[in-house]
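Below is one structure, written out as structure tokens; comments come after it.
For clarity, every value in this text was computed on a predicted model and none was experimentally measured.
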Amino acid sequence: MKNGKVGLVLFGLALVLSACEGNTDRIRIVKNVTDSELTVYTMSYDSTWSSIQIPSGKRETVVTTSQRGGSEDPGSPLLDVFGLIVVNANQDTLKTDLNDANNWVIYSNQIKKAPSNWEHEFVLNVDDADFD
């Protein structure tokens with residue numbers, strides 16, 4: 001084969017192999033079990049803060065991250081999250097340690113075996129006692 005065809009074959013092979021790598025999604029959800037609305041501030045990869053309002057009794061996805069390669073290990077709750085702050089209607093900040101996996105309810109689901117695809121949901125239940 002000529003060099004151009006060899007390069008094209010190697011490029012195609014690399015695409016096929018990378019497609020076989022699988023994926024892991026981590027979804028962070030805040031469930032508001034307080035008596036008032038919560039505001040959740042999150043920081044993106046470009047260091048921009050955004051906010052999401054969550055009414056009492058509702059839950060919202062606040063951050064989703066993806067990782068190449070399927071992993072059954074959910075990892076830490078804030079893996080690849082640059083900032084997460086929860087504030088109540090009185091402007092009190094959540095005092096719960098968000099890095100502690102024991103403060104989250106974690107659901108793991110293998111979406112596909114080959115290539116391995118996993119989805120891990122981290123649910124943070126926030127109630128009025130969690131604020132100063």
Side-chain angles (χ1 to χ4, degrees):
M1 279 200 250
K2 295 188 178 184
N3 285 344
K5 287 185 180 182
V6 170
L8 188 57
V9 168
L10 291 176
F11 177 73
L13 183 59
L15 281 176
V16 168
L17 290 176
S18 68
C20 294
E21 189 172 354
N23 190 62
T24 301
D25 292 324
R26 292 181 178 88
I27 302 159
R28 284 58 167 215
I29 297 168
V30 173
K31 183 176 180 183
N32 182 355
V33 291
T34 70
D35 292 330
S36 62
E37 184 175 79
L38 296 177
T39 302
V40 179
Y41 297 95
T42 58
M43 183 187 286
S44 64
Y45 285 107
D46 64 358
S47 298
T48 302
W49 285 94
S50 60
S51 64
I52 299 169
Q53 279 69 40
I54 306 174
S56 178
K58 300 292 183 183
R59 60 184 258 160
E60 294 289 336
T61 298
V62 295
V63 177
T64 300
T65 58
S66 292
Q67 162 191 322
R68 292 182 82 175
S71 175
E72 66 182 287
D73 178 16
S76 67
L78 296 184
L79 181 69
D80 293 331
V81 175
F82 296 101
L84 184 85
I85 299 170
V86 181
V87 178
N88 67 10
N90 295 328
Q91 299 304 303
D92 298 321
T93 303
L94 185 71
K95 62 183 178 182
T96 303
D97 180 2
L98 299 177
N99 289 303
D100 185 350
N102 293 317
N103 292 325
W104 299 78
V105 179
I106 303 170
Y107 302 97
S108 296
N109 186 26
Q110 186 174 27
I111 306 297
K112 191 175 179 187
K113 288 189 182 216
S116 182
N117 282 293
W118 283 84
E119 180 179 271
H120 304 288
E121 277 190 1
F122 297 82
V123 180
L124 180 68
N125 293 303
V126 179
D127 65 35
D128 289 316
D130 296 327
F131 294 91
D132 289 328

Check: [Y] main-chain N/O paired with [X] side-chain donor or acceptor under 3.5 Å:
X    : Y   : result
D73  : G75 : yes
D25  : S66 : no
N103 : D97 : yes
N90  : D92 : no
S71  : T24 : no

Are [X] and [Y] connected, step by step, through hydrophobic side chains (Ile, Leu, Val, Met, Phe, Trp, Tyr) whose heavy atoms are closer than 4.5 Å?
X    : Y    : result
V63  : W118 : no
I52  : V86  : yes
I29  : V81  : no
I106 : L78  : yes

Query raised in the report: What do the steps show when you test V126 against T96 for side chain to side chain contact (heavy atoms under 4.5 Å, CB included), and what is the final call?
Result: CA-CA 9 Å; V126 179; T96 303; over 6 Å; no
Shortest non-hydrogen contact between [X] and [Y], atoms and distance:
X    : Y    : result
F131 : T93  : CD2-C, 3.6 Å
Y41  : V87  : CE1-CG2, 3.9 Å
V123 : Y107 : CG2-CE1, 3.9 Å
E60  : Q53  : CG-O, 4.5 Å
P115 : G22  : CB-N, 3.6 Å
K95  : A129 : CE-O, 3.3 Å

Within the 4.5 Å heavy-atom criterion, are [X] and [Y] side-chain neighbours or not?
X    : Y    : value
T34  : N88  : no
S116 : Q110 : yes
T42  : F82  : no

What distance separates [X] [atom1] from [Y] [atom2], expressed to the nearest 0.5 Å?
X    : Y   : atom1 : atom2 : value
L38  : L94 : CG    : CG    : 8.5 Å
M43  : T48 : CE    : OG1   : 8.5 Å
E21  : Q67 : CD    : CD    : 9.0 Å
F122 : T61 : CZ    : OG1   : 13.0 Å

Report task. Using only heavy-atom distances, determine whether the side chains of D35 and S56 contain a donor-acceptor pair under 3.5 Å. Result -> no
**Report entry** K58/N32 under side chain to side chain contact (heavy atoms under 4.5 Å, CB included): CA gap, chis, key distance, verdict
**Finding:** CA-CA 6 Å; K58 300 292 183 183; N32 182 355; 5.7 Å; no
Requested in this report: Begin from the C-alpha positions of L79 and T65 and carry the test side chain to side chain contact (heavy atoms under 4.5 Å, CB included) through to its verdict.
Outcome: CA-CA 8 Å; L79 181 69; T65 58; over 6 Å; no
